[in-house]
Amino acid sequence: MNTIGITGGISSGKSTISNTLKEWGFTVIDADVQARVVAQPNQEAYQEIVKSFGSEILLPDGHINRSMLGEIIFNNKEKRDLLNSIVHPAVRKNMLSEKEKAYKRGEDTVFMDIPLLYESKLTHYVEKVIVVYVDPSVQLKRLMERNQLTEEDALSRIKAQLPLEDKKKWADAVIDNNGTIDETKQQLKKILEEWNIL
Ligand code: ADP
């Protein structure tokens, strides 16, 4: 049984890789999706978030206003740590349970898409790490286009993460996503073949 981490930087191409893996029939457990799941009204973490941040972070329908919460924590380390201390354990629990389910279905390899794998020191959850890399200028351009951001806003999001250059050094394999999506898929295929996964 193999657990492989997919990581990189914001807008470096992790979702593109994850979608390809899903097309090829693999289970990809997405940390961001799980973070949204645990903040749903019927979840334990939701109750704790509301207790800690107050009902003013709720939308009229009772769901958490994610963009408001995002703004609160973006420039406030204490609040960010508080939110993480609620959300992270719940996300980890869900991810491990999804992994167990996949193994029980008889799958040999499971992928985990964890954007902040290194920042959150989660490398012990995976046996190997694939870093999806792009040059800074490409990352900036794709982020501005995808999220409709100004250069300044895009740069501040990029700078909130560890440099991609560092992540590249720590990786077991690197996918260079500066080229076409087809070239990226070819690199992924080659890595999985070398690791006897494909
Ligand atoms: P991440 O999940 O790492 O944030 P995405 O996979 O969403 O990144 O990619 C960021 C943006 O760049 C998306 O709009 C995506 O469609 C685009 N993109 C990703 N890879 C390529 C590529 N090789 N060529 C052109 N556009 C790409």
Side-chain angles (χ1 to χ4, degrees), residues 3-39 66-67 69-71 73-74 80 83-84 87-88 91-92 94-95 98-99 109-123 125-126 128-193 197-198:
T3 311
I4 315 267
I6 306 290
T7 195
I10 185 169
S11 200
S12 76
K14 299 175 298 294
S15 307
T16 305
I17 293 289
S18 293
N19 290 337
T20 304
L21 288 166
K22 285 184 215 158
E23 272 167 33
W24 293 348
F26 291 104
T27 291
V28 182
I29 306 165
D30 183 318
D32 281 351
V33 169
Q34 294 303 327
R36 282 196 283 276
V37 168
V38 303
R66 297 181 61 83
S67 59
L69 192 56
E71 270 173 41
I73 63 159
F74 192 69
R80 191 161 62 239
L83 183 67
N84 286 343
V87 170
H88 283 178
V91 168
R92 283 170 208 180
N94 278 16
M95 291 185 82
E98 291 298 311
K99 182 176 92 168
T109 304
V110 170
F111 292 86
M112 288 188 173
D113 177 343
I114 312 183
L116 300 180
L117 180 83
Y118 292 113
E119 288 87 344
S120 307
K121 303 189 169 56
L122 294 175
T123 43
Y125 276 89
V126 298
K128 287 198 176 95
V129 179
I130 299 176
V131 165
V132 189
Y133 175 86
V134 279
D135 290 335
S137 58
V138 177
Q139 183 180 23
L140 181 64
K141 181 171 172 282
R142 287 184 186 159
L143 178 57
M144 286 171 65
E145 273 168 17
R146 188 191 62 186
N147 292 23
Q148 297 294 304
L149 294 177
T150 60
E151 184 169 334
E152 192 191 355
D153 284 347
L155 277 173
S156 85
R157 288 186 196 203
I158 291 170
K159 283 191 186 134
Q161 305 183 333
L162 287 173
L164 255 178
E165 288 301 331
D166 286 340
K167 297 183 182 181
K168 195 175 168 182
K169 280 185 241 151
W170 303 324
D172 295 289
V174 177
I175 291 176
D176 180 330
N177 189 31
N178 286 307
T180 64
I181 291 183
D182 224 44
E183 286 164 343
T184 291
K185 286 185 180 179
Q186 286 305 319
Q187 295 174 61
L188 177 64
K189 184 166 175 275
K190 193 160 165 262
I191 293 165
L192 299 192
E193 280 169 355
I197 290 169
L198 258 187

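One-based numbering, in listed order, for ligands and for the atoms of each.
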Taking only heavy atoms of [X], which atoms of ligand 1 are found under 4.0 Å from at least one of them?
X      : value
Thr180 : 23 (N)
Thr16  : 5 (P), 6 (O), 9 (O), 19 (C), 20 (N)
Gly9   : 3 (O)

In the protein, what heavy atom is nearest to [atom], and what distance, to one decimal place, separates them?
atom                    : result
atom 8 (O) of ligand 1  : Gly13 N, 3.1 Å
atom 13 (C) of ligand 1 : Arg146 CD, 3.8 Å
atom 25 (C) of ligand 1 : Arg142 NH2, 3.6 Å
atom 11 (C) of ligand 1 : Ser11 OG, 3.9 Å
atom 20 (N) of ligand 1 : Asn177 ND2, 3.0 Å

For [X], look at atom [atom1] and say whether over 12 heavy atoms of other residues, nucleotides or ligands are found less than 6.0 Å away.
X      : atom1 : value
Glu119 : CD    : yes
Glu152 : CD    : no
Lys128 : NZ    : yes

Problem - Check: Gly179 N/O within less than 3.5 Å of ligand 1 N/O - result: yes
Handout entry: Sidechain-backbone polar pair: Glu183 side chain, Thr180 backbone, donor-acceptor under 3.5 Å
Key = yes
Problem - atom 1 (P) of ligand 1 protein-contacted, heavy-atom criterion under 4.0 angstrom - result: yes
Exercise for the section: Could you tell me if any non-hydrogen atom of Gly8 lies under 4.0 Å from any atom of ligand 1? Expected result: no
Exercise for the section: Using a strict 4.0 Å threshold on nitrogen-to-oxygen distance, state whether Asp166 and Lys169 make a salt bridge. Expected result: yes
Practice task
Identify the heavy atoms of Arg80 and Phe74 that sit nearest to each other, and give their distance.
Solution key: NH1-O, 2.9 Å
Problem - Leu143, portion touching ligand 1 at heavy-atom distance under 4.0 Å - result: neither
Practice task
Please tell me if the side chains of Glu98 and Met112 come closer than 4.5 Å, counting only heavy atoms from C-beta onward.
Solution key: no
Fill in the blank from the handout: For residues 4-22, the side-chain hydrogen bond (donor to acceptor under 3.5 Å, both in side chains) pairs (sequence neighbours left out) are Ser18-Asp113
